[in-house]
Amino acid sequence: MNSKYILADKLSYVINSKTILNSVDLAIAEGDCVALVGANGCGKTTLIKLLCGLLQPATGSLHIANLSHQNPAHRILLKQLFGFAPDQPPLYPNDTVYSYLLFKAQLYLIPKTEIPTRITTLLERFALSEYRNNRLHTLSKGTQQRVNLAQALIHKPKILIMDEPSNALDPEQLANFCDLIKTLRQEQITILIASHDYNDMIPLCDYMLRINAGQINKIPTPLQKAAAEITHDQFDYTT
Amino acid sequence: MINSIIQHELRQVILSRKSWFCFALLQTILGCIFNWLVSKYLQNLTMLDGKYGVTEEIIHPYYAWFCLLVLLFVPMITTQSICGEKVNKTLVNYRIAPISAAQFMLGKFLAINVILSVMLITISLAPLSIMLSAKLDWGQFLTSILGAYLLLNAAFAIGLACSTFMNNIARSNIVIFFILLMFVLFEWAAEYAGSHAIFLQSFGLLVPLKSFLAGIINVKHTAYYLTIILSFICLAAWRYNKGVDDV
């Protein structure tokens, strides 16, 4: 397993003379599930967009699976690796759930014969089967968010990046979302979730990255802390 | 890939009430214009004394009106195509997908091209109805269609390129409108400025159309339209590639 699957080196992003990210270093291992937390406007979405290649860093370098967005030859390969669910679902209001997922599948060049199966699987996984032929603008926000998550997984990405995925989800949907993350973790997908809500993320992630004043700090989840303490106690006991 | 973009764009157009309304409005206005042209021709029939045929008197102005009217819709269509996607935050669908800027632009342009072709076919039914009672000059008829097709494609390419630079729908509509107006006004500006600025006339968007409507296919004019189309599509693709901060 690659311990530096996503590697950012002195990554900075400046917009209108305001430094959003300041010389950030980051290393995420393959298969990790990481929560990106911080207050609103701290730069979570900016970092995510940099990772997805939707923004260009002012300075520094970014490598994902040894590929770089700065290298034009790598761009298409990188895009195949990512699944991205933005905070605002990028849905076309007149499309139906099925036709939207079909369009996304075609954009990712999924073989024609495979598309119906993939869409049906995703519809079942996200409890969207009953909305299959519904126009997207008629759906509730929670359902739209589920379509947003479904579209991010249509091409079976190696890295799944979600921006505020728990927005608009009711408690039941949130529980289903947590189950989904657990399943995806078993599939060895590297997951990065941006959220301003620590509590939702704690049971899901290996560790959290907190963005504050343009800097990133790695903070362990309470479970990790507890595990570390137990290990420490055991160590003390045996010695 | 390009096929999927075209299909998706066409689906958006078909499912949009606004596009059906615009299409119906265009057909109604053109129907009225056609009716007016036919009435005018029949009134002046004795005065014309067989000097001009129906093609010259009806079809020539009919396609000129068509071009003028569609030119008014170009800002709206092209703004919706790219700037609208930026504003609605749906451009990210393309940005994160493994498609190149050229594929994206070609997909968008060809989708508009299909819509334009459908419009041309439907509005050409009226002139074809003349065949029931008179003889058409097929050469002039077909060159008029070709001229309208090339002119409007050039206008759409200009609109698409401008739309990639814009992040606001109202501003994009206004800018595209004025840029197209500038291309149309080159001809008059050249005449007004005098002989030293006569070269500007070559850049006028409507100049080549006149020869097409008169039934002449001029290589220079065809090359002019094709150059405009290619240049602006390349500019649009370049801008799309550069404008990573658009989402």
Side-chain angles (χ1 to χ4, degrees), chain A residues 13-16 45-46 48-58 69-70 72-96 99-110 112 115 135-137 148 151-152 154-155 157 159 161 163, chain B residues 1-23 77 80-108 110-111 115 164 167 169 237-247:
Chain A
Y13 186 76
V14 181
I15 186 163
N16 299 334
T45 303
T46 304
I48 275 182
K49 285 184 175 175
L50 283 167
L51 291 172
C52 291
L54 296 172
L55 296 176
Q56 292 273 23
H69 285 298
Q70 273 108 326
H74 291 171
R75 273 182 208 155
I76 301 286
L77 288 171
L78 264 172
K79 284 175 175 179
Q80 288 282 9
L81 287 180
F82 279 107
F84 177 46
D87 54 344
Q88 194 178 325
L91 311 176
Y92 295 93
N94 287 327
D95 273 354
T96 63
S99 65
Y100 175 65
L101 292 177
L102 176 72
F103 167 61
K104 291 291 293 192
Q106 287 169 337
L107 282 185
Y108 281 94
L109 295 176
I110 297 168
K112 268 184 186 172
I115 291 175
R135 295 269 179 92
L136 290 166
H137 69 91
N148 185 21
Q151 63 82 21
I154 192 85
H155 59 294
I159 303 166
I161 298 184
D163 196 359
Chain B
M1 178 76 71
I2 293 173
N3 228 2
S4 337
I5 299 174
I6 296 172
Q7 279 173 21
H8 186 256
E9 286 295 304
L10 293 179
R11 195 164 52 228
Q12 297 304 309
V13 171
I14 290 166
L15 293 172
S16 156
R17 282 182 200 164
K18 199 164 75 178
S19 50
W20 281 108
F21 173 76
C22 292
F23 191 63
I77 296 169
Q80 199 52 45
S81 192
I82 296 174
C83 181
E85 296 240 24
K86 284 187 208 174
V87 173
N88 298 331
K89 307 273 181 200
T90 49
L91 192 66
V92 72
N93 284 308
Y94 296 101
R95 283 247 181 254
I96 56 168
I99 55 169
S100 66
Q103 284 173 320
F104 170 75
M105 269 317 146
L106 271 179
K108 289 278 184 185
L110 292 175
I115 297 165
T164 54
N167 291 311
I169 287 183
W238 173 82
R239 171 67 185 112
Y240 175 80
N241 221 8
K242 283 274 168 201
V244 282
D245 300 358
D246 288 341
V247 286

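Throughout, protein chains are lettered first and strands after them, A, B, ... in sequence-line order, and every chain is numbered starting at 1. Remember, predicted model here, so these are calculated numbers, not experimental data.
Annotation: side chain of A:Leu102 is not in contact with side chain of B:Gln7 (no heavy-atom distance under 4.5 Å).
Contact annotation for B:Gln103: neither backbone nor side-chain heavy atoms come within less than 4.5 Å of a heavy atom of chain A. For A:Leu91, the part lying near chain B is the backbone, with the side chain staying farther off; criterion is any non-hydrogen pair under 4.5 Å. With a 4.5 Å cut-off on non-hydrogen atoms, B:Asn88 touches chain A through its backbone but not through its side chain.
Interface check for chain B: of the options A:Tyr108, A:Phe84, A:Phe82, the most heavy-atom pairs under 4.5 Å are formed by A:Tyr108. In terms of heavy-atom pairs under 4.5 angstrom with chain A, the leader among B:Asn3, B:Ile99, B:Ile96, B:Leu15 is B:Ile96. Counting heavy-atom pairs closer than 4.5 Å to chain A, the top-ranked of the candidates B:Ser16, B:Ser100, B:Ser4, B:Gly107 is B:Ser4.
How far OG1 of A:Thr96 is from CZ of B:Arg11: 7.0 Å, rounded to the nearest 0.5 Å. Separating the NE2 atom in B:His8 from the OH atom in A:Tyr92 is a distance of 5.0 Å, to the nearest 0.5 Å. To the nearest 0.5 angstrom, A:Asn94 atom CG is 6.0 Å from B:Gln12 atom CD.
Taking the six-membered ring where tryptophan is involved, the planes of A:Phe103 and B:Tyr94 are perpendicular, since the angle between them exceeds 60° and thus also 30°.
Minimum heavy-atom separation, A:Pro90 to B:Asn93: O-ND2, 2.7 Å. The minimum heavy-atom distance linking B:Met1 with A:Gln106 is given by the pair SD-O, 4.3 Å.
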